[in-house]
Each structure stands twice: as structure tokens, then as C-alpha cells.
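This structure is in C-alpha cells; I'll ask about it shortly.
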Amino acid sequence: MCRAPPIDKYMWLRDLRMASPSSYFRVLVNNTLDVLPYIYTPTVGKACQEYHTLGIATRGLYLRIDQDKGKILERLKAWPQKRVRTIVVTDGERILGLGDLGANGMGISEGKIELYTAAAGVNPAVCLPVCLDVGTNNVKLREHPKYKGVRAARPPQKEYDEFVQEFMEAIRAWQPHTLIQFEDFGNTNAFRILDKYRDDYCCFNDDIQGTAAITLAALLAALRVTGQRLADQRILFLGAGEAAAGIATLISYCMTRRDNIEPAAARQRCHLMDSKGLVIASRTDLQHHKRPFAHSDVPPCTTLIEAVRAIKPTVLIGASAVPNSFTQEVVEAMAELNARPIICPLSNPTSQAECTFEQAWKWTNGRVLFASGSPFDPITDAQGIAHHPPQANNAYIFPAVGHAAVLTKSKRVPEELFLVAAEQLAAMATVEELSRGHLFPVFSHIRDISASIMASCAHYLSTPTPTGPGAGQRLAPRRARRHVEPARGGQRHRLRLHGGRHAAVVHGPPAGAGRREAARATHVGRAVSGGCVRR
């Protein structure tokens with residue numbers, strides 16, 4: 001691509017998609033790594049901020065609380081797409097680390113839905129981005145003359161909940177076997193909505209569960225380098241919102257499964273820090289999602305460096321959207337405590353990152369094991385070896401997990417599925433890749449990676465839940481991992497996108513699988529007609 005500002009490339013790609021969908025998807029599928037920064041983070045953040053001024057022809061479906069309440073099913077039935085299997089929906093309240101962007105949040109739904117095609121081979125004809133436009137508390141935005149959303153503050157909780165419930169029920173009535181991915185809802189609503197619908201709908205929240213899975217995968221891959229147990233880690237989070245709580249929940253769950261420690265003891269390995277300091281039991285202002293991680297065995301700390309010195313963490317994770325908060329003093333303290341400090345500044349876009357890869361590398365003398373939410377350039381050491389900072393990009397996880405749920409017609413997306421995906425991804429980097437800083441295989445192989453993760457997830461979803469003693473311990477990541485090794489003869493897992501159809505193909509069915517399970521694991525990406533992609 002030419003040397004144009006990123007937002008211009010974003011607009012050029014949108015124009016190409018409208019003018020020539022087949023050309024656009026050919027570019028997207030065959031040049032995913034190059035295109036990703038312009039359809040997703042970091043550029044999508046700026047696109048959402050300026051969405052109302054860019055003259056964008058929206059591709060998705062807006063459902064307005066002031067016009068569509070009581071009519072959502074009618075709106076869906078009138079939508080030109082008659083077969084939808086994957087929905088990404090936002091209410092725009094917490095777009096990345098940029099705050100309440102209201103109807104401009106449609107940009108995040110449009111960006112995320114494209115990754116189902118780019119990463120997992122999902123036919124774009126069955127994908128639908130949605131924005132629930134319930135207003136915005138961003139007064140400056142809603143009063144802008146070009147703002148097209150509801151020009152009102154966000155509604156009371158009861159009215160909001162009724163609108164969301166109508167949406168969920170309407171989707172089920174319209175397209176019963178549809179995956180719903182919640183994206184960039186505000187902290188309070190994100191947890192409430194997920195808790196309310198997760199057991200009855202095929203849905204998940206990517207900010208809570210997808211972020212948790214990719215971070216856990218980074219941590220497990222880093223522990224392949226250090227040779228340590230997950231249960232022996234002390235993990236400090238800067239940030240205590242939906243991302244941090246989701247990550248801590250999955251990490252502690254993984255500790256319980258892998259190392260057979262009690263759930264309460266596993267949660268005590270995770271320390272959260274919000275704007276008021278460490279989350280400790282003596283505080284009376286804790287939101288419900290923070291309480292499971294409240295400690296009674298650590299002193300109150302109001303600054304990050306105090307917390308690092310008190311807790312002596314082996315892992316430092318940033319989910320704060322506070323740029324440059326991993327200061328030189330903090331990072332050097334981590335390096336004093338650990339031979340290979342694990343540091344993950346996850347906040348995005350890039351302007352919100354807690355530190356850069358260059359800073360972490362310099363302040364630890366190159367000893368850092370690093371993963372970030374936004375991309376950073378590689379660093380070449382004194383020996384001329386390039387070290388590539390892995391991006392803990394949710395796109396490694398959510399397209400494969402979501403599409404596996406669609407293909408198996410799962411009625412829900414169980415929490416265990418994110419552990420299956422994380423363990424599968426963590427095991428995929430080669431020793432050589434790990435030595436160069438790649439905690440994951442490079443993203444240019446995303447379709448191979450997604451095929452492998454989809455196979456693991458589909459196998460898990462297709463395995464009947466056992467009953468009787470020990471049933472609660474069912475989990476299949478390690479067993480599934482054995483089933484998705486590349487086929488003999490050096491063939492890799494691959495996605496086929498051609499001839500108006502798509503399929504993810506994983507060579508070799510699970511050993512001992514029945515015909516139905518073998519078919520699901522072998523042909524995970526069951527062909528869907530009507531596509532426009534050719535490779």
C-alpha cells in the first residue's frame with residue numbers, strides 16, 4: 001500500500017469492499033497481516049472517533065432505541081441478508097480505550113466481523129455487524145452537527161435491559177442458530193449481559209473472554225520458555241475492568257484445571273489494581289466482578305511501584321488504558337525480581353499502551369517476555385537477531401471459537417472453550433519461534449492457526465458431557481491438541497476459500513472418534529454457499 005495516513009487506507013479498503021467485494025476479500029484473505037492494522041486496531045479506533053465525519057456508508061444494522069423498540073424482529077425480517085450465522089454487536093459505550101462513542105461504535109462491529117472471514121474463512125454473506133444505538137453520554141459527540149445517532153443520554157437500566165432482551169429474543173426468532181459476539185459494552189453492562197444470556201444463547205463477550213484467552217495463551221507460551229508452572233506465578237494487573245477480571249478468571253480457572261489447586265487459592269494468585277489502588281478485602285467500594293480477587297494478605301498500595309514491591313509479581317499485565325503507566329522504575333523492578341519478566345501491556349490502540357516493546361526491551365536488558373494489545377516494531381539485538389514482539393490479538397481466538405460454535409450448532413459457548421483455545425494456541429509456536437520472541441505462530445499463518453483451534457473447539461463441543469464421578473473435571477485441550485497435529489508428509493492445516501464456498505480442512509480425524517465426531521473435527525469449516533472469495 002502507498003504511504004498514506006492509516007485512516008486513508010481504512011477508507012480506501014471500505015471503498016474497495018463496496019466497489020468490488022471479490023477484490024476486497026481477495027486482498028483481505030491473501031494479505032491479512034498487511035491489511036489487519038487498517039481494518040482493526042489501531043486504525044479502527046480513530047475511525048470510530050471520526051465515524052460521523054468520514055462520510056461512511058454503513059454496512060451494518062443500526063437498531064435505535066427511539067425508533068425500533070418493539071419493532072426489532074420486524075427490522076430483522078426486512079434486512080436483505082436472509083441467512084445470518086454470525087453477529088458482532090456493540091452499544092458503543094466503551095470503544096477500545098476511547099470511551100463512549102455511541103453510534104460511532106458501528107465501526108468496531110464492522111471491523112471485528114471482517115476477521116471472521118480473514119481468520120476463520122467464514123462466508124461474509126452470513127456475517128452481520130450490529131449497533132444498538134441507545135444514545136451516548138458523550139455530550140460533545142451527540143451535539144456534533146454531523147452525528148447521526150440518538151441525540152440523548154443513555155437510558156435508565158430497566159429501559160436499556162428491555163431493549164437488549166428484545167434484541168436477543170428477536171435474533172433467536174429470526175435466525176435460531178446464530179452466534180452473538182458482544183463487543184465493547186461498558187463494564188457494568190458487559191458483565192450483566194454476559195451473565196444473563198451465556199447459558200441460554202450461543203453468545204460470548206470478546207472483551208471479557210476473548211481477551212482472557214489470548215492473554216492466557218501468551219502466559220502459557222511464556223512459561224514454555226521459563227519452564228515454570230502456572231500455579232507458581234504471581235500476577236499483577238494494572239486495571240480492574242472487564243478485560244482484567246476476565247483474564248484473571250480464566251487464568252485462575254486454568255490453574256485449577258492444570259495444577260489441581262482450589263479455585264479460591266487460584267484466584268489469590270491474581271492481584272488487581274484499579275484507580276484507587278490494590279483490590280483488597282478491606283475496601284468497601286468494590287464492584288461485584290472485583291470481589292473474588294480481593295486480598296486480605298497484602299498491604300494497601302496506591303501506586304503501581306508500591307504494588308510491585310509488595311507483591312513481587314512474576315507477571316505484569318496492563319488493562320488500564322493509561323499510557324506509559326509501566327514506567328522505567330516499574331519495569332526495572334520487574335527485571336530485578338525475575339530472570340525473565342513477563343510483561344503484557346494490553347491496552348489499545350497504541351496511544352493507550354502502558355509501555356512500548358522498545359521500552360520493555362531496553363529496561364530489562366532484553367530479558368523481557370512480551371505481548372501487547374497493539375503492534376510494535378521488532379528490535380534487532382547486538383548479534384543481529386531480530387526479536388518480534390507478539391501482539392496478543394484477539395483475532396487469534398474469537399473467529400475460531402465462534403465459528404466452531406456455529407459449525408457444531410452449539411446452544412451455548414461454554415467457558416471451557418476459551419481454555420481449549422488458549423492451550424491449543426500456546427502450544428503452537430516452535431522452539432525457534434519462541435527464541436525470537438514469537439509466543440504465537442506469526443499472524444500471516446492465521447488461517448492455519450484458526451483451523452487448528454477450530455478443530456480443538458469443535459472436538460470439545462462434539463464430545464458428550466460425561467456423567468458420574470469426575471464429570472466436573474471434563475476438559476479436552478490436551479487431548480484435542482494431539483488430534484490436530486499437521487498431517488504426515490508435511491501438510492499444514494489449511495482453509496479453503498474458493499468457488500463461492502468455504503471450508504476449513506484439518507487433515508486427520510481424531511483417533512478413535514466416531515463417524516459423526518470425526519466428520520466434525522476433520523471438516524470443521526463445513527461449506528457455506530454464496531461466498532465471493534477465491535484463493
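Bear in mind that the values here come from a model prediction, so they are computed numbers and not experimental data.
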For the pair Leu115 and Ile39, evaluate side-chain contact (heavy atoms from CB on, under 4.5 Å) and give the outcome as yes or no after the intermediate values.
-> CA-CA 9 Å; Leu115 298 179; Ile39 64 169; 4.0 Å; yes

With a 6.0 Å cut-off on ring centres, are Phe370 and Phe357 close enough?
->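 That pair passes the under 6.0 Å test.
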
Quickly, which of Leu194, Leu250, Val413 forms a side chain to side chain contact (heavy atoms under 4.5 Å, CB included) with Gln209? Name it, please.
->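 Answer to the side chain to side chain contact (heavy atoms under 4.5 Å, CB included) test with Gln209 among Leu194, Leu250, Val413: Leu194.
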
Charged tip of Lys112 within 45° of Tyr40 ring normal and under 6.0 Å = no

Using the test side-chain contact (heavy atoms from CB on, under 4.5 Å), find all partners of Asp377 that sit at least two apart in sequence or belong to another chain.
-> none

Taking all non-hydrogen atoms of both residues into account, name the closest pair between Ser347 and Ser374 and its distance.
->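 The answer is O-OG, 4.1 Å.
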
Taking every non-hydrogen atom, the tightest pair across Ala371 and Pro345 =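 Smallest interatomic distance, heavy atoms only, reads O-CD, 3.2 Å.
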
Answer yes if the ring centres of Phe204 and Phe418 are under 6.0 angstrom apart, and no otherwise.
-> yes

Would Arg198 and Asp195 pass as an ion pair if we require N to O under 4.0 Å?
->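 Yes, Arg198 and Asp195 are salt-bridged.
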
Taking all heavy atoms of Thr58 and all of Met106, pick out the closest pair and write down the distance.
->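 Of all heavy-atom pairs spanning Thr58 and Met106, the closest is CG2-CG, 3.7 Å.
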
Tyr116 and its side chain to side chain donor-acceptor pair (under 3.5 Å) partner, picked from His403, Arg85, Gln181 | Gln181

Search all heavy atoms of Gln424 against all heavy atoms of Ser456 and return the closest pair with its distance.
->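 Where Gln424 meets Ser456 most closely, the heavy atoms are OE1-OG, 2.9 Å.
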
Nearest heavy-atom contact between Phe191 and Ala245 is CZ-CB, 3.8 Å

Considering non-hydrogen atoms only, spot the tightest contact between Leu96 and Gly45 and give its length.
->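 Looks like CD1-CA, 3.6 Å.
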
NZ or CZ of Arg94 within 45° of Phe185 ring axis and under 6.0 Å |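 Ring-cation test returns no.
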
Restricting to pairs with a member in residues 128-151, which pass side-chain hydrogen bond (donor to acceptor under 3.5 Å, both in side chains), not counting sequence neighbours?
-> Asp100-Thr136

Salt-bridge criterion met for Asp161 and Lys196 (N-O under 4.0 Å) |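 The answer is no: the pair does not qualify as a salt bridge.
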
Go through the steps for Asn348 and Thr41 under the test side chain to side chain donor-acceptor pair (under 3.5 Å), then give the verdict.
-> CA-CA 7 Å; Asn348 55 41; Thr41 57; 4.7 Å; no

Passing option when Ile87 is tested against Leu179, Thr178, Ile113 for side chain to side chain contact (heavy atoms under 4.5 Å, CB included) | Thr178

Taking NZ, NE, NH1 and NH2 as the nitrogens, is one of them in Arg172 or Asp200 under 4.0 Å from a carboxylate oxygen of the other?
-> no

CD1-CD1 distance between Ile193 and Ile180, expressed to the nearest 0.5 angstrom | 11.0 Å

Between Asp285 and Arg283, is the closest basic N to carboxylate O distance under 4.0 Å?
-> yes

